[in-house]
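Just below is one structure, and these are the notes that go with it.
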Amino acid sequence: MEYNFQSIERDAKKKWKENDVYKVSNNSDKPKFYILDMFPYPSGAGLHVGHPLGYIASDIYARYKRMKGFNVLHPMGFDAFGLPAEQYAIETGQHPVDTTDKNIKRYHEQLDNIGFCYDWSREVRTSDKKYYKWTQWIFLQLFNSFLDRKLQKAVPISTLIDTFEKEGNIHHPCPGDASIHFDAFVWKTFTEKEQQDILMNYRLAFCGFGEVNWCEALGTVLANDEVVNGVSERGGHPVVKKKLRQWYLRITEYADRLLQGLETVDFSEAMKEMQRNWIGKSVGAQIMFKVHNSPYSFEVFTTRPDTIFGVDFMVLAPEHELVTEITTAEQQAKVQEYITFVKSRSERERMQEKKISGCFTGAYAIHPFSGKEIPVWISEYVLAGYGTGAIMAVPCGDERDHKFAQHFNIPITNIIGEKYNGEEAYAEKDFTLVNSDFINGLAPKEAGTKVIDKMLDEKIGEAKVNFKMRDAAFSRQRYWGEPFPIKWVNGIAYPLSEHELPLELPHVDKYGPGPDGEGPLANIEEWVNIPDLTSDNIKKDSAIPDLTPNPSPLERGTNDSQTSGYINSSVEEWRSTIQFAKQNRKEPTTEEDKIWQALRNRNVDGFKFRRQHPIAGFIPDFVCLEKKLIVEIDGGYHNDHEQIKFDKAREEWLAEQGFSMLRFTNEEVNQDLNTIIDRIAKELSLKITEPINHNELNQTFHEELAGAGTPLPGRGAGGEVKRETNTMPGYAGSSWYFLRYMDPNNEHTFADRAATDYWNQVDIYIGGTEHAVGHLLYSRMWTKALYDLGHIGFDEPFKKLVNQGMIQGQSYYIGTLGLNPIPQNDTIISYSSFTQTTDGPIIGKTGNITLNGTDRSINSYYNSRLKYGYMFVDSKNRLTKSKFIEQLKFGDNKEENIETIIANTNWESNRTESGEEFIYCGSEVEKMSKSKYNVVNPDDIIAQYGADTFRMYEMFLGPLDVSKPWDTKGIEGVHRFLRKFWRMYNDEQKGWVVSDEAPTEAELKILHKTIKKIEQDTERFSFNTAVSQFMIAANELNDVNCHKRAILEPLVQLITPYAPHIAEELWQQLGNQGSVVAAAFPQWDEKHTTENSKLYPVAVNGKTRTELEFALDASQADIEQIVLNNEIVQKWLEGKAPKKIIFVKGKMINVVI
RNA sequence: GCCCAGAUGGCGGAAUUGGUAGACGCGCUAGACUCAAAAUCUUGUAUUCGCAAGGAUGUGCAGGUUCGAUUCCUGUUCUGGGCACCA
C-alpha cells in the first residue's frame, strides 16, 4: 500500500473533528500548560509559509506536552483591527468588516489545513464587539487609575482625589507635569475642569497633545516610514509636524517595574537587553542653568555631572520652548531658518544624520559654579522628547559633542588631562579630573556625587533618574479600531459607565479623514453628538460666580474696605479656604506666635500684618497686604524636597504678582527676634504701595497654576456631549488577548478570576523578535496594571518567550541584457520579479533597477545584495528546472565577477536550439509580502506533499530562531523520509509488514537513543535536529531490516507531535483504539542508551592523528601507556618525550610534545 | 546614527558545557533496476597536493587567550530585525 497522504490526512482530520479531541477544559486534574502563539493579522495575501513556522513549533510542543500528561491550552485568534484593512477599504471601497471576515475565513482554512491542535471554541477576534467591549473596559481601568510611586502600583484615581483633599500633591509629584504643585487648600479652590486637568496628568491612560507627521494633501497622519525626505511616500506631498490631541498610556510610570520584571521571566538575554535599552534608564543629574542677562533659565539632564567644568557650550532641541525667547536679534533669522529645516525632518532622519548641523542662538548660559558664559546652540541631534530637551555639551568627554565643537570651532576645555588627545573625545571614566575647581583630582564617580551634593545645597540641581522610554501614543485618527469609551463635556473627558459598553464602532461608507486632522469618525455627526444623552447625567463644570463679598473676617480686625472681594470661586470653596486658614490660626507654632506677638504689638511702621490670611490659593504665615510683603517661617517640614519645590513655585508666582517674601527659619526666630523685625521693617520701607485686586490675583492664580498642566482642549465646550473620535491603535487588542483565551465567552467579565488563576501565566510564548519592544512591553504593562487593580493574580504575562525567525521570500529578478551582460555603474537593468513555483515563474511586476556604484563597488553589490547568475527559460518563459542558477559556483573565488562566470559558460547565442534563452537574473531575500510577489502559499505545498511533510520540512529548515529564505526544493528529502517511514509498516508489494517478533538489543538501542534525542531536542526547541534524528532512526532501522511492533509502535507515538496525520493512520493500523493524539509519549530506558566504550580521537599537539577505542572505565594510566605505544603516535613523536598528555574522559586524548 | 542578532561546503544546516568541523537533508557524480521515464536502492561529494598511502589548508576578516577555539576575548566588514502611527 502506498503512502497516500491525501486520504490519510483527510481521514485523520475528520476523526479529530468528530471526536472534538482538541477541546480543552478549565477543570482538570492534570497539571496545566499554556502555550501561545502571537496571533496573526489576517492580511489579504493570506497565510504564507512564514507564518506557520512558529505555529508548527508551538503545535509540536503543545502535542508533546499533551502526550506528557498536561492539560494544554493552545489557542489561536486574530488581531483583526489595523491599518491595512482600512487602506484596502479606501482603495477598493470594501468595508473592513467584510474584508476582515473574508481574510479570517481564509486563514482558518489554511491553518486547519496544516493540522494544528487548536481549540477553536476559544478563538478570539479583536474586532469583535464581544471582545473589544473588554478592551474598552480595560482602557477605562487604566483611565481610572494612577501609579502610586510610593507603593509602585496602580491605584484607583479616587484614592488620589482623597489624598489631594487631605494633603494636596505634596507626596505625589505630578508625572505629567512636574511643575504642578498644590496643597489641599489649593486643590479645593480648583474648579472641576482644573481638577480634572490635573487628574489627567496622573491617569495611566490620558489625553494630551503630541506631534504627528501631518500631510495636508492627504489629510491624514502618516507613520514615520511613510515619510521619506520630508514628503509622503505616497504621492510625494509635503509633510509637517502637527500637534494633535492624542491619548497616551503612561507606561513611563511602569518603567522601573518593567525593568525589574525582566529578572523574573525567561526571555533571551538579547530580548531583555533590547527592552532594557528601550526603557533606557539612566542615572545622572538635572542641572539648572541661568541665561545671561535674561530672566530665563533652563534645565539639562546629564549622566556625567562630574564633567560639569568641561562644559563648553549648551545645546537646546530646536523645539525647546525657550529658543524663541532667548535668541538674540542678530541671530533671529538664522535660528528661524534652522528651525524650519528641522521641522521638515522626521525623528528617524534626525537620528540617522551623520552631518553635523546646528545654529548659535546668540544667548549665553551662566555656569552654575564658575560663572563662565557658555554659548547656547540649537541642533537637531538634541531631541525634545528625551530628558529636558537640552544638554550641556562636554566635548572632551562625549564624541558627539566633540564633533560638534570641532565642526563649529568651539574651543574645547580639557578636564580629563593626558588621556584626552585633542583628536577625539575620551568617554571612559578611568581618569582624574583636572581644571575642575573643587573636584580637581577626583575620580569621576566621587566627583559626580560631590557635584550633586553641592547643587542640592545651592538649590540648582539634583540627582535624577531619566528614562528614554516615552509614554505610548494610544490614539489613531483612523476608523478601523476600537472607539474610546469617552464622552467630552466642557473639555472634560468622562468615562462611559460599564453598562454602556461596548461602544460599538459605527458603520461608515467613507473612510476619509475628518476635519482638523480628526479621524473618519468625526464625519458621523449623529455618532459624535450624543442626542439621547443630556448633560444632566454628567456632572457639569460649574460656572464661576463672582462671589466672596466678604472682605475681612472679623477676627482679622482689618479695615481695608476698599477691597471688593477675595475669592473668585464657589462659595463652597471659599468656605473651605476660610476653614483651612482658621484651622491654621488656631495652632500656631511657637516661632510663629513669637513673631505674631512682635508684629501685632509693635504695629510695624503703622502697617497691619495678617496671620494665615489667604491670597488667591495660598495661605502665607504673615502678610502685609498694603505693602505686598509676605513673611514665612520654615519649619522642619520645609526640608522635604517636594516641599522645597512647592515653596519655590509659590514664591515665583507671588513674585510675579508683586509680592515679595522674607523667609526665616525657626532657629533664626529663636535666636534673634529683633533683627528679624528690623528686617521686616526695612523691607516695608523699601516697598511701593499698590492696591491689591484680589479678583485679578485669584484669576491669574487659577489660570497659571491649574493651567500649568497639559492644556486640554475645549471639546464639548458649551455643554454639549461629544464622543471621542479617535480610535485605539493596533496594539490595544493584542495587549491582553492571552487573558481572553482563558475564558473567551464570558459576558460578565474579561475573564473569570478562577480561569485566570487556573491558567495563570503563559508558559511559553512564541513569536518574532520584531515585537521585542512594542507589543511585549505593552502587554507586560497591561498585565501589571490589571494585577495591581486586583483583576488577575500575576504581574508578568509570559513566563518564557521563544523567538522565531522570519521566513523570508526569495524575490527573483530576470532581465535581458543582450549579448554583453556586464553591468557597469549606472547601468539600467530592466527586470521582472517573479515567484518561482513548480509550474514555472509567475511574473509579478516589471521595472528598472539602476545599479548605483557611488556607495559601494559594483562587485560588492554582486556579492552582498544580489546573487547574480544565469538561468534558462523555455519559449513559454518557464524555467528549465535543472539548469537553474543555484549550481553556479560563486564562493570559491570572491574576485570572480559575472563576466568570468559568463565567459565560463558555453553559451554562444541568445537562444539555444531548444528555444531556451539566456537571460540575466538575480534574487534578493526579503520579507514575504504581497507587494513583492514573493509569497509562497502553504496550501500549494500541502496539496503537493501533504501537511505532515510541510510541518516537518518547516522544522527541518533550520533553527527556529533564525531567519532564513524559503526554498521549496529541499522539501523532497522530507517527503522521501515520510514515505520511507510509511514503508517500514506498509510494504508496497507485501502490504502490512509489522511483526510481533522480539526486538534485538541493537534495535532497542536505536529506538531508545531516538526517544531520548527527540525528547531532549523537543524540550529545547531544536526541532531541526529532532527531524534529523527521525531520519537517522529510519535509516538505521532500514539497515537492520526491522519491522517489529515493539520498535515501530513507540516510534509512531514519538512522531505524533511532528507528523500527526500519518501517526494517526499507523496507530489505527497497529490496532489501537482511540486517537494517537491522546496516547502517551514513550519513555527511554537508560540501559539501552549507555555506551561502555568510546572511540577516542587521539591528537598530537592538538591535531587529530588517529582513533583508539577504550572502555569508559579504563584507567588513565593504561590509556596513556597504549596511546604512547601506538604506532602513529610514535611516528608523530619523532622520538621526543611528550610534555604532557591531556585526557578528557569520554571526549578525547591529546599528546603535547 | 543608535540598540539587538547572525556569518560554517554548491545550498539549508549539525557540532547541547572549550574537546574528532561539516551530522541530517538538498543538489550534483557514478552505478543497479527499467524499452524508457518516474519511483526506489547503492557509491562518492569542504578545498588542495598526491596514483596511493598520506599531508597541508579550512567555520566572514585581523588579532588574542588555551595543550586544544565554529564555541571565549578585542577590533573590523557585511547581512537581518527594531528605532515609538505596519502589526
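We use all heavy atoms of the structure for the numbers below, so side chains are in, but hydrogens, waters and symmetry mates are not. Just so we're on the same page: letters track the sequence lines, and every chain starts at 1.
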Quick one: look up who [N] pairs with, Watson-Crick or G-U, both distances under 3.5 Å, and put none if it's unpaired.
| N | result |
| --- | --- |
| rC72(B) | rG64(B) |
| rU34(B) | none |
| rC2(B) | rG82(B) |
| rA7(B) | rU77(B) |
| rG22(B) | none |
| rU57(B) | rA46(B) |

Looking only at side-chain atoms of [X], point me to the closest of [options].
| X | options | value |
| --- | --- | --- |
| Val962(A) | rG25(B), rA84(B), rG13(B) | rG13(B) |
| Val773(A) | rU20(B), rC67(B), rG82(B) | rG82(B) |
| Met1148(A) | rA23(B), rC85(B), rG19(B) | rG19(B) |
| Pro84(A) | rC86(B), rG19(B), rC85(B) | rC86(B) |
| Glu770(A) | rU20(B), rC85(B), rG81(B) | rG81(B) |
| Ser1028(A) | rG19(B), rC67(B), rA23(B) | rA23(B) |
| Leu957(A) | rC24(B), rG12(B), rA84(B) | rG12(B) |
| Pro959(A) | rA23(B), rA84(B), rA14(B) | rA14(B) |
| Ala473(A) | rC67(B), rG81(B), rC85(B) | rC85(B) |
| Ile1142(A) | rC67(B), rU16(B), rC85(B) | rC67(B) |

Exercise. Checking Trp480(A) side chain against Pro96(A) main chain: does a donor-acceptor pair fall under 3.5 Å?
Worked result: no

Exercise. Which label fits rG13(B), syn or anti, where anti is any glycosidic angle not within 90° of 0?
Worked result: anti

Taking atom [atom1] in both [N] and [M], what distance in whole Å separates the two?
| N | M | atom1 | answer |
| --- | --- | --- | --- |
| rA23(B) | rG12(B) | P | 15 Å |
| rC33(B) | rU48(B) | P | 33 Å |
| rC49(B) | rG63(B) | P | 25 Å |
| rA62(B) | rA69(B) | P | 16 Å |
| rG50(B) | rA32(B) | C1' | 32 Å |
| rA56(B) | rA21(B) | P | 12 Å |
| rG60(B) | rA15(B) | P | 16 Å |
| rG18(B) | rU70(B) | C1' | 11 Å |

Is there a side-chain contact between [X] and the phosphate of [N], meaning an N or O under 4.0 Å from OP1 or OP2?
| X | N | answer |
| --- | --- | --- |
| Trp982(A) | rU40(B) | no |
| Asn1035(A) | rG25(B) | yes |
| Arg470(A) | rA84(B) | no |
| Arg979(A) | rU40(B) | yes |
| Asn1024(A) | rG12(B) | no |
| Arg983(A) | rC41(B) | yes |

Exercise. Less than 3.5 Å between a donor and an acceptor, one on the side chain of Lys1103(A) and one on the base of rU20(B), is that the case here?
Worked result: no

Problem set entry | Side-chain donor/acceptor of Asn1150(A) to base of rC67(B), under 3.5 Å | yes

For this session: Looking at every strand, decide which applies to Gln477(A) at a 4.0 Å heavy-atom threshold: base, sugar-phosphate, or nothing.
Result: base

Exercise. With a non-hydrogen cut-off below 4.0 angstrom, is Leu1095(A) in contact with a base, only sugar-phosphate, or nothing?
Worked result: base

Rounding to an integer number of Å, can you tell me how far [X] [atom1] sits from [N] [atom2]?
| X | N | atom1 | atom2 | value |
| --- | --- | --- | --- | --- |
| Ile1128(A) | rU20(B) | CD1 | C1' | 14 Å |
| Phe1023(A) | rG12(B) | CZ | P | 22 Å |
| Asp398(A) | rG1(B) | CG | P | 16 Å |

Exercise. Is it true that Phe981(A) and Tyr3(A) have ring centroids separated by less than 6.0 Å?
Worked result: no

Problem set entry | Whether over 12 other heavy atoms sit under 6.0 Å from Glu1109(A) CD | yes

Exercise. Around Lys403(A), counting heavy atoms of other residues, nucleotides and ligands shown, do more than 12 lie under 6.0 Å from its NZ?
Worked result: no

Exercise. Is any side-chain heavy atom of Pro959(A) less than 4.5 Å from a side-chain heavy atom of Asn1024(A)?
Worked result: yes

Exercise. With side chains defined as the heavy atoms from C-beta onward, is the minimum distance between Phe1030(A) and Ile1014(A) less than 4.5 Å?
Worked result: yes

For this session: Measure the acute angle between the ring planes of Phe78(A) and Tyr107(A), then classify it against the limits of 30° and 60° as parallel, tilted or perpendicular.
Result: perpendicular

Seminar exercise, completed: CZ of Arg979(A) to CE of Met984(A), rounded to nearest 0.5 Å, is 15.5 Å

Seminar exercise, completed: The answer to which of Ser475(A) and Arg1105(A) contacts RNA chain B further toward the 5' end, by nearest nucleotide, is Arg1105(A)

Exercise. Considering heavy-atom distances to RNA chain B, does Val1144(A) or Val1152(A) have its closest nucleotide positioned more toward the 5' end?
Worked result: Val1144(A)

